[in-house]
Structure formats: C-alpha cells, structure tokens
Amino acid sequence: MIVTGLDEAASRALRQASAAERALSLAVYTGDRIPGPDQPAVAGTHEIDESGFRFQPRFPFVPGLRYTAWFVLGAVRVDRTFEVTPPAVSDPPRVLAIHPSGDTLPENALRLYVQFSRPMTARGAQQHVHLMDDDGREVPLAFVPVEDGLWDPQRTRLTLLFHPGRVKRGVAPGERLGPPLRTGGEYWLVVDGDTADVAGTVMGRAHEHRFHAVEADRVSPRLADARVAAPSLASDAVVVTLPEPLDHALLQRWVWVEDDGGRAVDGRVEIATGETRWTFRPEQPWAPGRYVVRMRAALEDRAGNRFDRLFDRNAAARPPADVSSDVLSLPFDVPAH
Amino acid sequence: MRVSMALALGLTIGAAASAVAADPPGVTAGKPDIRSLSALAFGPGGVLFVGDSKGGAVYAIELGARAAGEIKDPKEIPDVEGKLAALLGATAADIMVHDLAVDPISKQSYLAVSRGRAAWNGQWLLPNDVADASVLVRFDAAARPEIVDLSSVRFARVALPNPVDAAKKVPWKNVSLRADTITDMAYADGALYIAGLSNEEFASTMWKVAYPFAGAVSATTVENYHGAHGKYETEAPVRTFVPYSLKGRAHLLAAYLCTPLVTIAVDDLKDKAHVRGRTVGEFGSGNYPLDMVVYKKDGKEKVLIANSNLPFLIVDPRDVEAYEGVIDKHVETYVAGVRYEPRSGTGVQQMDNLGDDYVEVLRRLPGGRLDLVPISVKRF
C-alpha cells in the first residue's frame with residue numbers, strides 16, 4: 001500500500017516521525033470499514049521515500065479478503081477499501097491421471113483413482129469430485145463418503161470407491177437405487193478447479209475424465225490370456241500384455257520379475273494402454289538366462305474380480321483350475337546376446 | 001495537497017542487519033535466525049527461551065527492561081484467533097497458536113503464532129506438525145495483540161547436538177519427526193532442560209545446558225514403561241514436564257502421549273547416558289498431555305496437567321513421593337498408579353502460570369471461539 005502526492009511538509013513530517021507515529025498515520029485493517037479501537041491494525045513496516053509513503057504487510061494480503069486502509073496526517077484523511085486478486089500461479093497442482101484410464105468402465109466398476117501432481121489438502125477432498133451423467137446431472141451417492149478422503153501416504157492419490165452396496169448384487173442399496181453406472185451411459189468424472197494442494201494453491205481449472213459404461217464384468221482375468229514378450233536386447237523392457245485392464249495401484253505392487261535364483265530384479269515399472277500393458281525395464285542390463293514375471297493371484301480387474309475368485313460370487317465357488325497358488329508365474333528367457 | 005493511495009504489490013523492504021555491539025561472551029545483538037518458534041518458556045530475570053525445532057537450537061532472548069505487571073482480577077481475552085487474524089491480515093481460520101508463555105515480569109501472555117494452515121488435518125496433529133510458527137505476539141494491558149520485534153535484540157544461542165533428522169517420519173501420523181525436536185523446555189536451578197527427539201537409537205532425549213549458556217549441552221536418552229501399551233517406549237518424546245523435588249532430590253515429572261506419568265532423577269541425566277524413567281501413573285489412553293504447571297493452594301503444591309482429550313488432571317506430588325511401586329506390567333484399564341483428581345476444563349490447548357494465584361489457559365470454547373482465560377488456582 002502506497003500513499004502518493006504528499007507535499008514537502010507532509011513528507012518531512014513523516015520522515016521525522018517515529019515508527020509508532022507512522023503506524024498511526026497509515027493503518028490497514030481487515031474488513032470493510034475502519035474498526036473500533038479494539039481491533040489491531042495489520043502488522044507490517046512503514047517507509048517514506050521520494051515515491052511516497054509505503055506500508056508493507058508482515059504477511060501478504062490474502063486474496064479475496066477485504067481490507068481498509070486509513071491515512072491521517074494533520075487535516076488530511078483518506079480511506080480506501082480494497083482486496084487483492086490472487087497472483088497467477090505458474091505451477092498450480094493438477095490431475096496427472098484418472099485410473100482406470102480407458103474410455104470404458106464396466107457397470108460394476110469398484111473404484112477410481114485420481115492421481116495429483118503433488119500432495120493435496122485432505123479436508124473435504126471428496127466434495128470436490130463429482131460423477132456427472134450425460135445430462136449434466138450429478139449421480140447421487142456414487143461413491144462411499146469418506147471424511148477427508150482415502151489418500152495414499154503421500155496424499156497425491158485419492159481413491160474413490162463406488163458404493164459397494166450398489167455394485168454387489170442382492171444387497172439392499174443396489175436393489176433400491178441400482179448401480180451408480182448404467183450400461184450404455186456416458187459419464188464424466190469432474191475434479192473441481194478449487195481443489196487445493198497442502199499450501200492452499202488451487203488447481204484453477206477443473207479436470208474432466210469422460211467414459212462410457214459397458215456391461216458388468218463378472219469374469220475373472222485368466223492367466224492363459226496374459227502374454228509376456230521377452231526382451232530381445234539386454235537393455236530392453238519385458239512387456240506383459242494383460243488379459244484385460246487391471247487395477248493400476250495393485251499392478252505397481254503385485255507384479256515383479258525374479259531371476260532364476262528367485263531374487264527380485266530391480267527396475268522401473270510402467271503401466272500403459274488403459275492398464276493392459278505392464279512394462280518393466282531393469283536397472284542393470286539383463287544377463288542371459290531364465291526369468292519369471294510373478295503376479296499375485298489377488299490382482300483385481302476394474303470390477304474387483306481377482307485371478308483366483310470373483311468379487312461378487314457364489315460363496316461355494318472354487319478358484320479357476322489354472323490358479324494353483326497365491327502367486328502366478330509367466331516365465332521368459334533372455335537369450336545370449 | 002492531493003493525496004492518493006494505491007496498492008503496491010511485490011514490494012520488499014530489506015531489513016538492515018544491525019551492527020553487533022560489544023557484549024558478554026555468548027550474547028550478541030541482532031536478529032536471531034529462528035526457523036520455527038516451536039516452544040516458549042521464560043527463565044531467570046525474564047529471559048525468554050525459544051525452542052527452534054527446525055533449526056535444532058535454543059535461543060535465550062532478552063526482552064529488555066519492562067514494568068512489572070500486577071495481577072488484579074485478570075480478565076479473559078476473547079477471540080484470540082480473531083484478534084491475531086486482524087493483526088496478521090487474515091481470517092481466524094488461518095491462524096494457529098503453537099505455544100503460550102506468560103512473562104513473569106510484565107505478566108503479559110506471549111504466543112508463538114503461524115499464519116496459513118491449509119494442511120491442517122487429523123486429531124493427532126499438533127500445531128508444530130502442521131506449520132512453523134514465525135511470529136511472536138504478546139497481548140498488551142488493553143488486550144491488544146502486538147508483534148514482538150525480534151529484528152534487533154540481545155540473545156544467546158545453543159545448538160542441540162544431533163537433533164532428529166527431518167527425513168524421519170512418525171509412521172502413524174505421516175509427519176516429520178523434526179517437529180518434535182523440542183517438545184517442551186523448563187528452567188530450574190541454573191539449568192535449562194529441553195525435551196525432544198535426537199538421532200540416537202533411543203530417540204527420546206532430555207538435553208540439559210547451564211544457563212547463562214555455558215559448557216556443553218548434555219544429551220541423555222530416556223525411556224519409560226508405558227503400561228497402557230504394555231511395552232517400553234524409547235521413541236515417543238516427553239510431551240510436557242516440570243522440574244520438581246521429590247524426597248529432597250531434584251526430579252523431572254514428565255508426561256507422554258496416552259498419558260503415562262514418569263519421574264526422572266536429575267542426577268541421572270549424564271551426557272550420552274541412557275536412563276529409564278520410573279512410570280508412576282497411567283492417566284488414560286488416546287490423549288496428549290499438552291502442558292503441565294505447578295501451583296500452590298492452601299500452602300500445598302499440586303501439579304496441574306492440561307490435556308487434548310481429558311479434562312484437567314491434578315496430581316499431588318506427595319502421592320508421587322509416597323508411591324513405592326513402578327508400573328512395568330500391561331495396564332488393561334489404561335489407568336493405574338498414582339491417583340489423580342479430574343477437574344472440568346476441556347479444550348485447553350496451552351497453559352502457563354500467571355503469577356502465584358492464577359493459570360493462564362488458551363481454551364477452545366464449545367462454540368469454536370478460542371479465548372485466553374485466567375483461572376484462579378482456588379478453582380482447583
């Protein structure tokens with residue numbers, strides 16, 4: 001805040017004034033008007049130079065909050081109410097991805113992940129996320145309400161659980177309301193632009209993810225439908241083509257590569273093409289020999305069906321014949337180069 | 001004269017560093033480089049100790065000559081957050097108070113304050129887990145807040161040896177342990193005691209340094225048996241403590257999360273030693289003991305504990321002296337050992353003595369307002 005147009009006498013008086021006198025001469029208060037004596041002025045420092053009489057607040061003015069500045073010197077009295085606009089943020093937080101990332105989702109999908117670019121504020125997180133139908137109406141009770149949201153420890157990934165009572169068959173909420181997604185419907189997941197990171201910086205622009213609901217998936221993924229492409233060069237990646245889109249979060253934890261001696265190989269995982277391709281690039285070039293991609297049988301597809309059992313199943317059902325243990329194996333060979 | 005007013009954004013005014021005058025050894029004049037006002041405590045002659053967890057240091061700041069304050073029918077100060085918000089140009093929701101200490105000379109309340117708490121979340125996060133306090137505020141006689149200018153003061157500094165690494169986290173609340181480098185401080189008999197966390201294998205540490213600062217800072221790791229959890233605890237820091245003489249021997253009475261009360265003999269606080277405190281009470285689970293003071297009523301001293309999830313608890317030091325046992329077995333009911341008396345008083349976030357006859361508390365009212373309230377010790 002700067003007061004300009006002071007004449008020589010006024011400038012001199014302010015130059016000679018003590019810090020306390022200057023603070024009385026130019027005071028900024030929160031609110032729309034000059035308050036009573038009980039309310040302190042905003043803390044800051046005062047300075048007088050050729051350009052004018054300046055007040056620099058101890059903390060930046062808060063965008064959207066109203067302030068009133070009051071200048072008094074002799075018979076001159078000026079006041080002004082103002083607010084500041086938020087400074088343009090060069091790097092606001094944003095949504096990096098929504099998983100499942102494909103453009104279809106089975107009617108009985110279990111969950112969605114919203115991956116943010118940095119740690120977000122958890123307070124009221126789910127109020128900023130909406131499932132909209134084709135007519136622009138919000139789908140009510142789509143997700144399990146979780147106060148402050150379900151976050152990963154870094155608070156960059158928000159998990160949205162479709163209401164399991166509406167997804168599972170033969171349960172009261174589903175019988176009454178039906179599933180949140182209807183086969184054939186078009187939907188948008190909208191993450192509001194006012195979603196904020198831990199520092200309070202908002203995204204600014206909403207993020208939209210559009211998808212089409214398809215028939216319910218009531219089939220387990222089958223190991224026989226998975227393909228492994230062995231690396232042809234020592235520095236190449238091994239690529240697993242998955243039987244169908246699988247859960248993005250579980251794919252990062254529950255698929256790995258072991259060498260012939262059962263030791264896990266260090267490397268980087270990439271998940272692409274709508275969570276149907278799992279790619280692993282080793283830290284060190286492959287040594288020739290036999291390797292195996294291990295996958296936990298508990299890996300889930302988008303509807304929570306695991307390799308070893310369906311999400312929504314007859315309790316007496318047995319695991320599929322090709323699932324004989326908790327960990328599934330896809331061997332591959334790296335030839336001598 | 002035509003005067004106009006405009007908003008000049010992006011303006012910075014450099015603070016000139018003041019020259020260092022001739023001072024006694026250890027004391028300099030200028031601006032202390034405090035990174036976080038994590039804990040406040042007053043010491044002899046009205047010196048203000050500031051614990052800086054982020055900087056891993058303690059500052060002894062001389063506040064200068066000031067008039068002695070009188071306590072006659074002290075009044076509450078309503079809406080502390082609203083007043084601090086007006087001072088810091090923000091809304092009350094943006095204000096957080098990290099610690100309170102009452103100046104024994106002026107009787108004014110000093111607060112460590114931060115602005116901006118978007119990260120606030122969860123019942124186990126303490127203010128220092130959420131933000132770093134950067135402003136020291138005191139309330140004047142007219143109950144108006146003013147910033148205490150630390151840009152040019154006389155101060156001494158001691159660095160704490162081996163403060164806990166900022167990369168280490170509290171697994172169950174996912175925050176840096178660094179915020180607990182200094183959890184509480186108290187001065188007694190020529191020494192300042194500093195409770196917190198170090199990088200030692202047994203992280204819970206009690207540092208001790210002579211004041212005026214002289215000689216090395218001694219570091220003793222401390223552990224205690226926590227009956228409610230049924231195990232020895234070496235990583236949980238002391239949350240609050242008071243120096244107190246038991247059976248003629250100097251002790252620290254210390255309280256921990258989930259509320260064991262532990263006695264530590266001052267003679268045992270040797271540098272690089274590891275001591276096991278004696279657990280003499282278990283006061284209830286799911287609770288942070290936040291502050292502890294000693295007060296005197298009807299000629300008898302009592303210890304008063306303010307809590308996050310329990311009311312005021314009063315402990316008679318004579319009961320501690322008379323308690324022969326030690327809690328070293330699992331306590332199923334969460335409560336054991338030395339008895340306590342509860343007193344109404346929830347929502348107390350900060351507490352300090354206000355003269356001999358009052359305690360000053362920062363208290364959240366049921367409606368949400370945060371008030372500074374003097375409470376007569378007669379009430380206890």
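Order of the sequence lines fixes the chain letters, A, B, ..., with proteins taken first and strands second; residue numbering starts at 1 for each chain. Quantities reported herein were computed from a predicted structural model and do not represent experimental measurements.
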Exceeds 12 heavy-atom contacts within 6.0 angstrom, atom CZ of A/Arg66: yes
Heavy atoms from other residues, nucleotides or ligands near CD of A/Glu8 exceed 12 (cutoff 6.0 Å): yes
Side chain / backbone / both / neither for A/Ala41 at chain B, heavy atoms under 4.5 Å: backbone
Crowding at CD, B/Glu235 (>12 non-hydrogen neighbours, <6.0 Å): no
Neighbours of chain A found in residues 134-145 of chain B - heavy atoms under 4.5 Å: B/Ser134, B/Val135, B/Arg144, B/Pro145
Atom CZ of A/Arg15: over 12 foreign heavy atoms under 6.0 Å: yes
Closest approach of B/Leu88 to A/Val42 (non-hydrogen atoms, all atoms of both residues): C-CG1, 4.3 Å
Pairs of heavy atoms under 4.5 Å with chain B: top-ranked of A/Gly52, A/Pro60, A/Pro119: A/Pro60
Residues 17-31 of chain A: residues contacting chain B (heavy atom under 4.5 Å, by number): A/Leu26, A/Thr30
Which portion of B/Ile147 sits near chain A, non-hydrogen atoms under 4.5 angstrom: side chain
Heavy atoms from other residues, nucleotides or ligands near CD of A/Gln127 exceed 12 (cutoff 6.0 Å): no
Test side chain to side chain donor-acceptor pair (under 3.5 Å) applied to A/His248 - qualifying residues, sequence neighbours left out: A/His99, A/Gln252
A/Arg118 atom CZ, neighbour heavy-atom count above 12 within 6.0 Å: yes
Among A/Pro37, A/Ala196, A/Ala9, residue most engaged with chain B (heavy-atom pairs, under 4.5 Å): A/Pro37
Heavy atoms of other groups near B/Arg66 CZ, more than 12 under 6.0 Å: yes
Distance, nearest 0.5 Å, that separates CG of B/Asp94 from CG of A/Leu65: 8.5 Å
Pairing residues for B/Asp73 by the salt bridge (Lys or Arg N to Asp or Glu O under 4.0 Å) criterion, not counting sequence neighbours: B/Lys75
